[in-house]
Amino acid sequence: KKEKMSSPRATSSLNTAIAAVAFVLPMIYIYRKNKRTVAEQKVFKEEREKERAFLSSLVKNPSSQPLRPPLPDIVRRVLSRCSFAYLSTIDVDSTSSHLSLMRFTYLPEEETIIMSTNVKTKKYDMLEKQNGVALLIHDFGDGGNNLTGEYSITLNGTCSVVKDVVLAEKYRSAHLKNNPDYPQFIVGKDIAILRVDVVTARICNINDEVLKWNVVSGNK
């Protein structure tokens with residue numbers, strides 16, 4: 001038996017339908033993606049507005065300072081969405097300061113900051129001689145990671161080298177999870193884990209409004 005051939009009209013209709021689907025589906029995907037993006041941006045904008053209002057209200061009412069523990073919500077938010085900090089230490093031998101760009105991980109459940117460093121560095125030598133450090137964190141806006149460029153935070157606290165092997169590995173794992181592209185700075189026999197516990201904080205926003213926080217006053 002001879003196979004029946006599709007009519008030119010039927011073939012044309014099928015091709016038209018396929019072309020229509022191929023055109024419409026990407027449009028639907030783009031529409032839904034854009035809709036999600038708009039919704040996410042709306043939520044993000046609302047959160048930023050709440051942060052600005054909160055900081056402004058505290059600055060206008062000095063009697064509300066310093067804030068009490070735990071860390072202010074603004075600080076927690078910035079620490080959670082940032083990964084870079086400038087670490088300042090003191091070289092007691094040459095009476096000069098030392099500045100290092102560090103990747104960090106904030107652990108909200110412990111209110112502590114985790115970093116790592118090679119033991120064969122000047123930074124490590126200085127940290128062995130002191131425990132007071134300063135950290136400067138700025139949420140540089142880069143179009144990603146919800147960074148806005150609105151806040152600059154200076155943190156002062158105690159920095160200790162984690163000697164407990166079990167605890168060090170726990171922190172190392174969390175730090176690596178937060179910075180998966182930088183194992184060379186986190187994993188290795190010569191890499192020490194650092195823990196920073198914040199004592200004071202100064203939060204400055206883009207309007208030059210400054211808020212101070214002090215854990216010592218909070219414990220009184």
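Worth saying up front: this structure is predicted, and the values here are computed from it rather than measured.
- Applying the salt bridge (charged side-chain N to carboxylate O under 4.0 Å, His left out) test to every pair with at least one member in residues 172-188, sequence neighbours left out, gives these pairs: Glu169-Arg172.
- Grouping Ile, Leu, Val, Met, Phe, Trp and Tyr residues whose side-chain heavy atoms lie under 4.5 Å apart, directly or via other members, places Ile193 in a hydrophobic cluster with Leu107, Ile114, Val162, Leu167, Tyr171.
- Remark: the backbone N or O of Thr89 is not paired with any side-chain donor or acceptor of Gln130 at under 3.5 angstrom.
- One hydrophobic cluster holds both Val199 and Leu127 under the rule that ILVMFWY side chains link at heavy-atom gaps under 4.5 Å.
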* Test side-chain contact (heavy atoms from CB on, under 4.5 Å) applied to Leu79 and Ile137, step by step -> CA-CA 8 Å; Leu79 288 176; Ile137 300 168; 3.2 Å; yes
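- In this structure the side chain of Phe185 never reaches within 4.5 angstrom of the side chain of Met102, judged on heavy atoms.
- Here the straight-line distance linking atom OH of Tyr106 with atom OG1 of Thr112 works out to 9.0 Å at 0.5 Å rounding.
- Put simply, the side chain of Leu135 does not reach to within 4.5 Å of the side chain of Ile153, judged on heavy atoms.
- Contacts of Val161 classified as side-chain contact (heavy atoms from CB on, under 4.5 Å), with partners at least two apart in sequence or in another chain: Tyr124, Glu128, Lys163, Ala192, Leu194.
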* Leu101/Tyr86 under side-chain contact (heavy atoms from CB on, under 4.5 Å): CA gap, chis, key distance, verdict -> CA-CA 5 Å; Leu101 180 60; Tyr86 294 99; 3.7 Å; yes
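- Residues Tyr151 and Ile203 are in side-chain contact: their nearest non-hydrogen atoms beyond the backbone lie under 4.5 Å apart.
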Can you give the donor-acceptor pairs under 3.5 Å from side chains of residues 20-28 to other protein atoms, not counting sequence neighbours?
none

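- Other residues sharing a hydrophobic cluster with Val165 under the 4.5 Å side-chain heavy-atom criterion for ILVMFWY residues do not exist; the residue is a singleton.
- Here the closest heavy-atom approach between residue Ser100 and residue Lys123 is recorded as OG-CD, 3.5 Å.
- Residues forming a side-chain contact (heavy atoms from CB on, under 4.5 Å) with Leu176 (at least two apart in sequence, or on another chain): Pro183, Ile186, Val187.
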* side-chain contact (heavy atoms from CB on, under 4.5 Å) evaluation trace for Thr158 with Val196 -> CA-CA 6 Å; Thr158 60; Val196 177; over 6 Å; no
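- One N or O on the side chain of Thr121 and one on the backbone of Asn118 form a donor-acceptor pair closer than 3.5 Å.
- Arg202 meets the salt bridge (charged side-chain N to carboxylate O under 4.0 Å, His left out) test with no other residue; sequence neighbours excluded.
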* To do: Step by step, work out the side-chain contact (heavy atoms from CB on, under 4.5 Å) result for Asn205 and Ile74.
  => CA-CA 10 Å; Asn205 68 6; Ile74 294 174; over 6 Å; no
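- Applying the salt bridge (charged side-chain N to carboxylate O under 4.0 Å, His left out) definition to pairs two or more places apart or across chains, those involving residues 188-200 are Glu110-Arg195, Lys120-Asp190, Arg195-Asp197.
- Salt bridge annotation for Asp125-Lys129: absent, with no cationic side-chain nitrogen under 4.0 angstrom from a carboxylate oxygen.
- Under the rule for a side-chain hydrogen bond (donor to acceptor under 3.5 Å, both in side chains), the partners of Asn179 that lie at least two apart in sequence or sit in another chain are Arg103, Thr105, His175.
- Judged purely by atom type and a 3.5 angstrom limit, Asp139 uses its side chain to pair as donor or acceptor with the backbone of Glu150.
- With a 4.5 Å cut-off on side-chain heavy atoms, Val198 and Leu71 count as touching.
- The side-chain contact (heavy atoms from CB on, under 4.5 Å) test applied to Ser152 returns Leu136, His138, not counting sequence neighbours.
- A distance of 12.5 Å separates OG of Ser88 from CG of Leu155, quoted to the nearest 0.5 Å.
- Under a 4.5 Å side-chain heavy-atom criterion applied to ILVMFWY residues, the cluster that includes Met126 comprises that residue alone.
- For the residue pair Phe84 and Phe104, the shortest heavy atom distance occurs at O-CE2, 3.2 Å.
- Here SG of Cys204 is found 12.0 Å from NZ of Lys212. Values are rounded to the nearest 0.5 Å.
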